[in-house]
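Structure record follows, encoded as structure tokens.
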Amino acid sequence: MLKYILKRIFLVFFVVIGVTIVTFSTMHLAPGDPAEVIAVARYGDDLTQEQIDWVRVTEGFDSPVYIQYLKWIKHVMHFDLGRSLVTSHDILEEITIRLPATFKLAVLSLVISLCIAVPVGIVSAVKKNTVIDHLCMSAALLGVSTPNFWLGLLLIWLFSLTLNLLPSYGYGNFEHLVLPAITLGTSMAAITTRLTRSSMLDVLNQEYILTAKAKGLDEKTILLRHVLKNAMLPVITFAGLQIGFLLGGTVIVETIFAWPGIGKLLVDSIYARDFAMVQGCVLFIGILFAFTNLLVDITYAFLDPRIRYENT
Amino acid sequence: MKILNNEINILKEAGNNRMAAIGGAIVIMLTLIAILASLLSPHDPFEQKLENRLLNPCFEYPFGTDDLGRCIFSRLIFGTRYSLAIGVTVVGITALVGTSLGIVSGYSRGIIDEIIMRIVDIVLAFPGIILALVIAGILGPSFLNVVIALSLTHWPAYTRLVRGLTLTLREMDFIEGAKALRASNIYIMRRHILPNCINPIIVLATLDIAHAIIFATALSFLGLGIQPPTPEWGSMLKAGIPYFRISPHLTFFPGTAIMVTVLAFNFLGDGLRDMIDPKINENILVSE
Amino acid sequence: MTLLSIKNLKKYYFCGLFNKKEIRAVDGVDLEIKSGRTLGLVGNSGCGKTTVAKIILRLIEPTDGRIIFKEKDITKLRGRELKNLGQEMQIIFQNPETSLNPRMKIYDAILEPLRIHKLCSTDKEYEKILKLIEIVNLNQELLFRYPHELSGGQLQRVVIARILSLNPKFIVADEVTSMLDPLVQAQILNLMKDLQEKLGISYLFISHDMDVVEWMSDEIAVMDEGKIVDWK
Amino acid sequence: MSLLKIQDLKVYFNARGKTVKANNSIDLEIRENEILGLIGETGCGKSILGRAIVGLLPDNVKIGGKIVYRSEDILNLSENGLRKIRGKNIGIILQNPSAALNPVLSIGNQISEIYRYHENMGKKEARIRTAKMLEMVGIDPKRMHEYPHQFSGGMKQRVMIAMGLALNPGLLIADEPTKGLDPTTKDKIIDLICELVINKNMSLLLITHDIGVAEKMCDRIAVMYAGEIIEIATIKNILSNPQHPYTQDLLNSLPKKGLNQTAGESPSLSSPPAGCRFHPRCRCIIGKCLKTHPQLMETEKGTSVRCFLYGNN
């Protein structure tokens with residue numbers, strides 16, 4: 001068990017370094033000369049070549065790439081993600097202001113997703129090939145096939161334009177949170193329902209369920225003591241991964257509903273070609289996601305006795 | 001008892017090839033629409049008639065017209081080309097790259113396996129659409145850039161799936177037998193491991209086309225994919241938002257088109273999966 | 001004339017946190033197999049008999065010791081000679097269901113060795129395969145089926161036909177009949193004995209069933225904990 | 001008095017259009033504290049018979065005939081009624097121990113749940129009974145909290161035996177209890193089962209393809225071929241003078257008897273040969289064998305054979 005966790009921790013450390021390399025290199029992928037972009041941002045359009053060269057020297061763009069990378073990493077270590085090219089605010093500050101908005105949306109969506117998906121998945125697995133099962137599965141299939149940006153528009157059209165019960169955008173009290181959370185939550189729920197059902201069916205076909213029947217236990221006991229315990233392991237791992245997807249999903253949903261989260265910040269900074277901010281956001285999301293994966297792996301190790309009591 | 005188990009398993013899943021048939025039929029229909037687009041569309045998708053702007057669906061314009069007076073129905077038909085093209089090219093590239101990396105890393109198990117799997121972990125460290133979004137944003141909006149962005153972020157799903165399969169296949173006796181025959185590693189990978197991975201890859205690829213189409217339309221929706229005036233569903237959807245209150249049909253029809261196409265591929269993929277290999281579930285597919 | 005002999009064969013595995021724990025799977029084994037004869041290798045599961053077999057076939061590299069095959073030291077053989085060795089030595093596994101590629105028709109499975117070593121031109125293939133299945137008395141109708149459509153006994157016969165295509169001098173039989181029913185086991189073992197008389201093949205016959213080994217082998221070595229403890 | 005009487009049991013599956021006649025009109029009787037061996041090759045339907053008795057067959061099955069356990073027909077019992085019998089009156093040890101144990105539950109829980117469910121015992125008391133049971137099958141009770149993956153193949157088999165015998169059922173069905181075990185563990189398991197069955201005066205239905213194991217354990221043997229029983233006799237008669245040609249070939253194919261071989265393959269249950277199922281491989285075939293299907297006839301006291309060579313059925 002300890003060996004498993006140590007290995008996972010080492011892997012996460014390695015992945016985080018990888019994330020920084022990828023983030024850094026995507027910035028260098030950007031067309032045009034970074035020094036020129038910063039110079040334009042600072043001195044306006046009509047600028048002389050010396051200004052660009054001066055920016056290149058001060059920002060250290062003339063040194064070889066890996067030195068720039070090491071310098072950048074040194075800054076990142078001290079939680080200094082640099083300044084936004086456009087607003088020249090501190091990037092980390094911008095992100096931390098918007099963190100609660102994204103966090104609220106992500107958590108509520110996760111709750112919605114799990115509350116719908118887990119019970120529906122279990123019921124449709126237990127009552128396989130009945131009307132309920134076909135109904136739930138077609139709804140889940142529809143959910144998976146509907147892009148969440150279109151779902152968002154449909155919900156706005158239905159709830160705020162026609163029935164105008166809920167605001168269609170903006171940030172404030174709970175009312176504003178409902179539609180984005182439903183959009184993100186239901187599209188996640190569709191995927192999780194299908195996973196829960198296939199995980200349940202997989203366990204129901206195992207031989208130890210036959211042994212449980214052979215012991216004369218009734219359906220309810222078998223379901224609770226034997227089936228659920230095994231079936232929920234992959235679902236819990238997937239629920240952990242979902243936190244990451246929600247970060248991805250927020251990018252779109254926040255843009256539709258003008259929800260001031262990190263996702264919207266990322267999209268806006270891409271529009272404004274503010275690469276420093278983009279770099280900051282991507283780094284933040286990548287590292288956050290890497291650590292949630294680590295957390296999921298460790299909880300999984302505690303839940304699954306085959307790993308907890310691993311002996312050769 | 002062994003014989004009986006095989007027969008029961010096959011029987012159980014027989015019902016699902018109806019799903020594959022329906023999905024397959026819709027996919028074929030969509031491909032025909034894409035190919036015969038110019039014949040089928042009543043109007044020229046680029047011709048702007050400002051006088052009949054934002055018309056609701058009527059006989060002349062079955063799906064109405066958009067803000068520049070172009071026939072939405074014709075634009076949707078031409079849009080099929082872009083969505084299918086992106087879906088197929090992205091999946092074609094990622095399946096090829098992902099599978100070969102998966103086989104090599106699963107079969108060699110040494111340092112190569114460690115390196116490939118660490119790269120997979122890194123690419124998968126960015127949830128969902130984020131990495132694709134950034135790459136498309138930086139490279140600038142165009143068909144090619146969308147394909148590049150999606151391909152760079154989609155290949156790990158195949159590598160993980162194929163590596164898992166190769167690890168189990170590798171332990172089987174027929175691989176040891178081939179080694180005893182002194183067959184070369186490449187021969188073993190090509191003749192023994194790949195044929196046994198083909199079916200699961202086909203299932204994953206079908207489901208992944210659906211995935212790629214959603215991602216591609218999402219990029220266009222965010223204005224980072226294919227730009228107007230090209231008739232791409234995502235950008236049509238985005239163009240319809242300002243007129244959302246007065247004529248929602250501008251967004252309704254492209255949205256349905258995306259959903260129907262993605263539904264068709266999901267249907268086909270689910271049907272194939274239940275018939276061939278029920279083990280591929282959401283876990284591998286969506287984890288990227 | 002001794003066909004194959006092993007001198008002081010050793011194979012140690014290292015595991016545990018920093019590879020300190022040493023497991024002596026094979027600890028100094030000496031064997032000799034005369035040509036056209038069968039050597040039985042008996043021992044409880046986990047005593048290292050399969051490891052010895054795999055080392056002889058150069059599927060696993062030994063930690064120490066030498067393998068002499070037809071008076072030639074093949075322990076460190078490489079390249080072309082190693083490939084030719086593939087024609088001389090072969091192995092039959094325990095579980096027939098996993099010994100054949102499920103995606104390959106029986107016809108191609110039997111001809112695969114010839115195609116790898118390029119020993120038979122395509123037009124003579126059909127005639128060669130008819131001879132092979134006749135030796136192992138499989139009927140023609142099975143040729144175009146897939147492995148999952150055949151029974152355990154038939155699969156094991158396909159494996160034998162496939163190996164015979166290279167007419168090897170030495171075959172390792174690793175618990176060949178332990179998964180088969182009594183009647184099928186009798187058929188396969190009798191087939192192997194006939195092949196030995198007709199083609200002069202020598203076997204290293206591995207099993208944990210003493211009666212079967214006694215029936216099959218001329219000499220028997222008993223293994224325990226990686227060492228030879230008895231010789232009959 | 002007979003503990004279990006199986007009369008004209010038919011178990012048919014429809015798979016891919018063909019009906020698989022897994023059990024074709026089987027008549028069998030198991031007496032009080034007797035060990036009956038059910039021998040047959042892979043795919044002859046013997047495991048299905050074992051599972052049919054406790055009603056553990058998949059739902060796409062059609063069952064005919066009667067299974068009477070102490071004057072009560074099990075087949076038309078309701079699901080609740082059947083559940084009361086399973087584990088309490090008839091225990092079963094399933095075939096493949098490494099897959100038949102729940103990986104996320106400790107072996108202690110998997111045994112104590114029988115006591116707590118059937119005799120709604122308190123947690124503590126169930127734990128004591130479980131400890132006693134584990135000791136009886138030779139597992140150190142202190143390992144009660146460990147999980148299946150921490151046990152070897154032989155030990156897992158002992159856990160299965162403990163589960164089967166927990167409530168001292170009248171009849172125990174053991175499906176290939178020694179498959180995949182090496183010789184030393186195999187002997188230990190055989191002695192364990194015999195000792196437990198005898199001193200708890202239970203009956204045992206042993207299902208196996210390994211004649212050596214059956215020889216050591218059984219009082220009577222029933223030989224099964226292609227879904228039907230072709231010979232029943234005491235162990236002494238079967239070994240000294242087997243009557244049905246198939247039983248003779250089966251015994252001669254043993255290594256001790258010189259591994260004499262019999263041509264042909266055992267037929268598939270979905271398309272068995274006409275007339276006597278064994279005629280394609282039989283040495284002493286007569287005209288009648290090809291067309292008509294022989295009945296199981298009693299020749300001497302306690303021995304019955306399904307072959308035209310004996311009696312004119």
Side-chain angles (χ1 to χ4, degrees), chain A residues 11 14-19 21-23 26-27 29-31 129 141-142 144-151 153-154 156-157 161 191-192 194-195 198-199 201-202 234 237-238 241 243-249 251-252 255-256 263 266-267 270-271 273 275 278 281-282 285-287 289-290 293, chain B residues 9 12 15 19 117-119 121-131 133-140 207 210 213-215 217-218 221-224 234 237-238 240-241 244-245 248 251-252 254-256 258-267 270 278-283 285-287:
Chain A
L11 284 183
F14 196 85
V15 164
V16 165
I17 294 173
V19 163
I21 295 171
V22 166
T23 324
T26 41
M27 289 314 118
L29 214 60
N129 288 342
L141 194 61
L142 211 61
V144 167
S145 312
T146 318
N148 51 21
F149 47 88
W150 187 48
L151 181 66
L153 291 177
L154 282 184
I156 292 178
W157 180 71
L161 295 189
I191 302 169
T192 323
R194 284 157 60 96
L195 175 79
S198 71
S199 164
L201 290 180
D202 196 36
T237 334
F238 185 66
L241 288 176
I243 299 166
F245 303 156
L246 291 175
L247 291 174
V251 166
I252 296 167
T255 320
I256 304 171
L266 179 62
V267 173
I270 290 179
Y271 289 153
R273 302 196 75 73
F275 294 119
V278 168
C281 291
V282 169
I285 293 174
I287 291 174
F289 190 42
N293 284 349
Chain B
N9 295 347
K12 210 165 37 178
M19 260 173 92
M117 284 324 282
R118 292 298 74 73
I119 299 171
D121 290 344
I122 292 166
V123 173
L124 292 186
F126 298 93
I129 194 165
I130 291 207
L131 201 55
L133 190 71
V134 169
I135 296 171
I138 291 166
L139 293 178
L207 293 172
I213 291 176
I214 286 192
F215 271 37
T217 39
F221 176 77
L222 294 171
L224 299 166
L237 200 66
K238 177 176 166 59
I241 293 180
F244 195 50
R245 271 177 214 286
T251 54
F252 179 70
T256 326
I258 299 171
M259 194 188 71
V260 164
T261 316
V262 171
L263 197 64
F265 279 105
N266 275 330
F267 241 70
D270 273 6
K279 281 192 292 301
I280 306 173
N281 57 30
E282 257 57 23
N283 219 326
L285 221 186
V286 180
S287 56

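So that the names make sense, note that chain A is the first sequence line, chain B the second, and so on, each numbered from 1.
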Inset, instruction - Return yes when atom CZ of Phe244(B) has more than 12 non-hydrogen atoms of other residues, nucleotides or ligands closer than 6.0 Å, and no otherwise. - result: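 Check passes, neighbour count above 12.
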Nearest heavy-atom pair of [X] and [Y]: which atoms, and what distance?
{"X": "Ile214(B)", "Y": "Val144(A)", "result": "CD1-O, 3.6 Å"}
{"X": "Pro234(A)", "Y": "Leu195(A)", "result": "O-CD2, 4.1 Å"}
{"X": "Asp270(B)", "Y": "Met19(B)", "result": "CB-CE, 3.2 Å"}
{"X": "Pro147(A)", "Y": "Ile258(B)", "result": "CG-CG2, 3.6 Å"}
{"X": "Gly18(A)", "Y": "Ile122(B)", "result": "CA-CD1, 3.5 Å"}

Can you tell me how far apart [atom1] ([X]) and [atom2] ([Y]) are? Round to the nearest 0.5 Å.
{"X": "Ile241(B)", "Y": "Phe149(A)", "atom1": "CD1", "atom2": "CZ", "result": "9.5 Å"}
{"X": "Thr251(B)", "Y": "Lys238(B)", "atom1": "OG1", "atom2": "NZ", "result": "13.5 Å"}
{"X": "Leu207(B)", "Y": "Phe267(B)", "atom1": "CG", "atom2": "CZ", "result": "12.5 Å"}

Is chain B contacted by the side chain of [X], its backbone, both, or neither, given a heavy-atom distance below 4.5 Å?
{"X": "Val22(A)", "result": "side chain"}
{"X": "Thr255(A)", "result": "side chain"}
{"X": "Val267(A)", "result": "side chain"}
{"X": "Ile21(A)", "result": "neither"}

When heavy-atom pairs shorter than 4.5 Å are enumerated against chain B, which of [options] gives the highest number?
{"options": "Leu151(A), Leu153(A), Leu246(A)", "value": "Leu153(A)"}
{"options": "Ile285(A), Leu141(A), Val278(A), Ile252(A)", "value": "Leu141(A)"}
{"options": "Val251(A), Thr23(A), Leu201(A), Ile17(A)", "value": "Val251(A)"}

What option among [options] has the most heavy-atom pairs under 4.5 Å with chain A?
{"options": "Gly240(B), Ala210(B), Pro248(B)", "value": "Pro248(B)"}
{"options": "Asp121(B), Leu222(B), Ile129(B)", "value": "Leu222(B)"}
{"options": "Ile135(B), Ile119(B), Asn266(B)", "value": "Asn266(B)"}

What part of [X] gets within 4.5 angstrom of chain A, counting heavy atoms only: side chain, backbone, both, or neither?
{"X": "Phe265(B)", "result": "neither"}
{"X": "Leu131(B)", "result": "side chain"}
{"X": "Thr217(B)", "result": "both"}
{"X": "Ala125(B)", "result": "both"}
{"X": "Leu224(B)", "result": "side chain"}

Legend entry - Mutual orientation of the aromatic rings belonging to Phe252(B) and Trp150(A) [parallel < 30°, tilted 30-60°, perpendicular > 60°]: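 Phe252(B) and Trp150(A): tilted rings.
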